Protein chains: 2
Amino acid sequence: MRVTVDIVIFTVRDEALQVLLVKRGVPPFQGQYAIPGGFTHEEESLEDAALRELYEETGVRDVFLEQLYTFGDPRRDPRGRIITVAYYALIASDKLSVTAGADAAEAKWFSLEKLPALAFDHCRVLAYALERLQNKLEYTTVGFQLLQEKFTLSELQVVYEAILGKRMDKRNFRRKIRQLGILKPLREWRRTGRKPAQLFRFAARRIADL
Amino acid sequence: MRVTVDIVIFTVRDEALQVLLVKRGVPPFQGQYAIPGGFTHEEESLEDAALRELYEETGVRDVFLEQLYTFGDPRRDPRGRIITVAYYALIASDKLSVTAGADAAEAKWFSLEKLPALAFDHCRVLAYALERLQNKLEYTTVGFQLLQEKFTLSELQVVYEAILGKRMDKRNFRRKIRQLGILKPLREWRRTGRKPAQLFRFAARRIADL
DNA sequence: CCAAAAGTGTTAGGAGTACACCCATGG
DNA sequence: CCATGGGTGTACTCCTAACACTTTTGG
């Protein structure tokens with residue numbers, strides 16, 4: 001039985017939640033876009049396999065990565081029985097400049113609003129990843145993974161709005177974040193063209209489950 | 001690569017959360033208890049494999065079953081690389097009278113408080129299942145899976161207390177359940193030795209994510 | 001001086017928590 | 001008649017959601 005790992009790689013750019021997809025060069029589903037992934041090696045853990053694939057696709061290490069679900073319908077891959085352990089990863093958009101992994105020639109970012117048709121059952125995988133991300137956003141601090149080290153509260157709000165797909169009230173949002181007590185205000189301001197915005201740093205030891 | 005499914009089977013009996021474990025008859029870990037499970041067949045989905053194992057162990061069908069996590073550390077099984085897709089299941093204690101599957105000779109229920117040493121990394125799997133069950137209990141209606149069709153509010157509260165491992169206030173508990181609006185009060189009372197208790201039925205279309 | 005984003009408080013409703021007594025029954 | 005579990009309401013706190021104006025800057 002063959003086992004693959006697929007990684008749904010999210011980022012927030014241009015105020016939109018985006019996902020990295022690769023165009024398949026070989027059948028089945030040749031020419032269609034798919035979630036990046038590949039077969040696990042014999043001597044690596046599933047998470048290591050996911051990290052390896054992620055690095056090959058994006059050139060990025062040290063990002064948030066979490067197992068999502070394992071898909072094992074015997075007919076999900078026309079080549080035969082393939083089990084896929086799906087992961088999702090969050091990457092801050094400022095780390096993406098180096099978007100040049102080995103296979104990256106055919107990799108492209110898509111806004112969740114404008115997805116192409118996807119190979120295999122990847123539409124379902126993606127839907128599941130989005131749902132998980134939305135839920136985690138509400139009761140953990142994963143959202144900070146999508147920002148640079150220093151960020152403004154408005155940038156943080158953009159991340160939340162992009163993921164949840166809805167506008168939020170500025171004052172309520174700031175109060176909620178403030179009373180989490182996990183932001184360190186800096187004595188720095190970002191000149192943004194208009195009134196400068198104060199910068200903050202995420203100041204919790206780890207990604208907290210609240 | 002070989003793939004197994006393991007199923008953490010929970011029930012609540014004698015006011016305690018219990019889990020079904022089987023004693024291993026062959027090495028490795030011979031004589032130790034383990035979470036029931038087995039290899040997947042080539043032509044069945046992961047969920048079907050889990051349902052099959054569950055039926056073989058307990059003789060029960062039509063129970064709540066949900067995928068938990070996939071464990072894939074290359075060294076988790078001394079026999080070699082084995083990936084395990086873990087599930088957890090909830091069974092109402094009144095369905096357990098038929099606890100006589102094929103392999104059931106060495107199967108036994110254990111209270112979560114008094115677990116034996118477990119084979120492989122099954123201690124971790126079990127801890128993960130318990131955590132998931134506790135979380136799901138708070139924001140879904142999975143708890144009803146552990147009761148008979150007709151039950152009293154006190155019985156429901158016992159289920160919640162057994163899973164969460166803490167006492168709850170009777171009035172607050174009843175108010176919370178009542179305002180979920182998913183219980184149908186029956187015109188029946190259970191004679192319990194003291195004052196009769198009103199019976200209820202779970203009356204939602206499906207297990208609601210609230 | 002104007003456009004644009006930054007920043008800030010109050011109020012009302014709902015949910016959770018703490019808490020104590022009477023009731024119906026079987027023995 | 002008494003032991004046992006069934007059943008009920010109120011007050012407080014906290015979180016959420018709705019809502020509008022002033023400030024600072026660059027052009």
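Proteins get letters first, then strands, A, B, ... in listed order; numbering begins at 1 in each. Predicted model only: the values in this text are computed from it and were never measured. These numbers come from the heavy atoms of this one structure, side chains and all, not from hydrogens, waters or symmetry mates.
For Lys170(B), the side-chain atoms get nearest to dG7(D) when compared with the rest of dG26(D), dT24(D), dG7(D). The side chain of Lys195(B) lies closest to dG6(D) when the candidates are dA18(D), dG6(D), dG9(D). Closest to the side chain of Arg191(A), from the set dT24(D), dG26(D), dG7(D), is dG26(D).
As rounded to whole Å, 13 Å separates atom C1' of dG16(C) from atom CG of Leu180(B). Following rounding to the nearest Å, Tyr160(A) (OH) and dA17(D) (C1') show an atom-to-atom distance of 18 Å. At whole-Å resolution of the value, CD1 in Ile177(A) and P in dC15(D) are 14 Å apart. Between Gln198(B) atom CD and dT25(C) atom P the separation is 13 Å, expressed in whole Å. Straight-line distance from the CZ atom of Arg174(A) to the P atom of dA6(C): 7 Å, rounded to whole Å. Taking atom CG of residue Asn172(B) and atom C1' of nucleotide dC12(D), one finds them 12 Å apart after rounding to whole Å. Whole-Å rounding puts the Arg190(A) CZ to dG7(C) P distance at 11 Å. The distance from atom NZ of Lys176(A) to atom P of dA18(D) is 13 Å, rounded to the nearest whole Å.
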Name the atoms and distances for all side-chain donor-acceptor pairs under 3.5 Å in residues 171-182 of chain B, with sequence neighbours left out.
from: Asn172(B); atom 1: OD1; to: Arg175(B); atom 2: NH2; distance (Å): 2.7
from: Arg174(B); atom 1: NH2; to: Ser154(B); atom 2: OG; distance (Å): 3.2

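Here CD1 of Ile163(B) is found 4.5 Å from CG of Leu137(B). Values are rounded to the nearest 0.5 Å. The structure places CD of Glu138(B) at 8.5 Å from OH of Tyr160(B), a figure rounded to the nearest 0.5 Å.
Distances shown here put a side-chain N or O of Ser154(A) below 4.0 Å from the OP1 or OP2 atom of dA6(C). Taking only side-chain nitrogens and oxygens, Gln179(B) comes nearer than 4.0 Å to OP1 or OP2 of dG16(C).
Between the base of dA20(C) and the side chain of Arg171(B) there is a donor-acceptor pair shorter than 3.5 Å.
In summary, Lys166(A) and Glu161(A) do not engage in a salt bridge, as defined by a charged side-chain N under 4.0 Å from a carboxylate O.
Both the sub-6.0 Å distance and the 45° axial angle are not jointly satisfied by Arg24(A) relative to the ring of Phe29(A).
Summary of the strand contacts: Arg194(A) and Arg175(A) both lie near DNA chain C, and taking for each the nucleotide with the nearest heavy atom, the more 5' one is attributed to Arg194(A).
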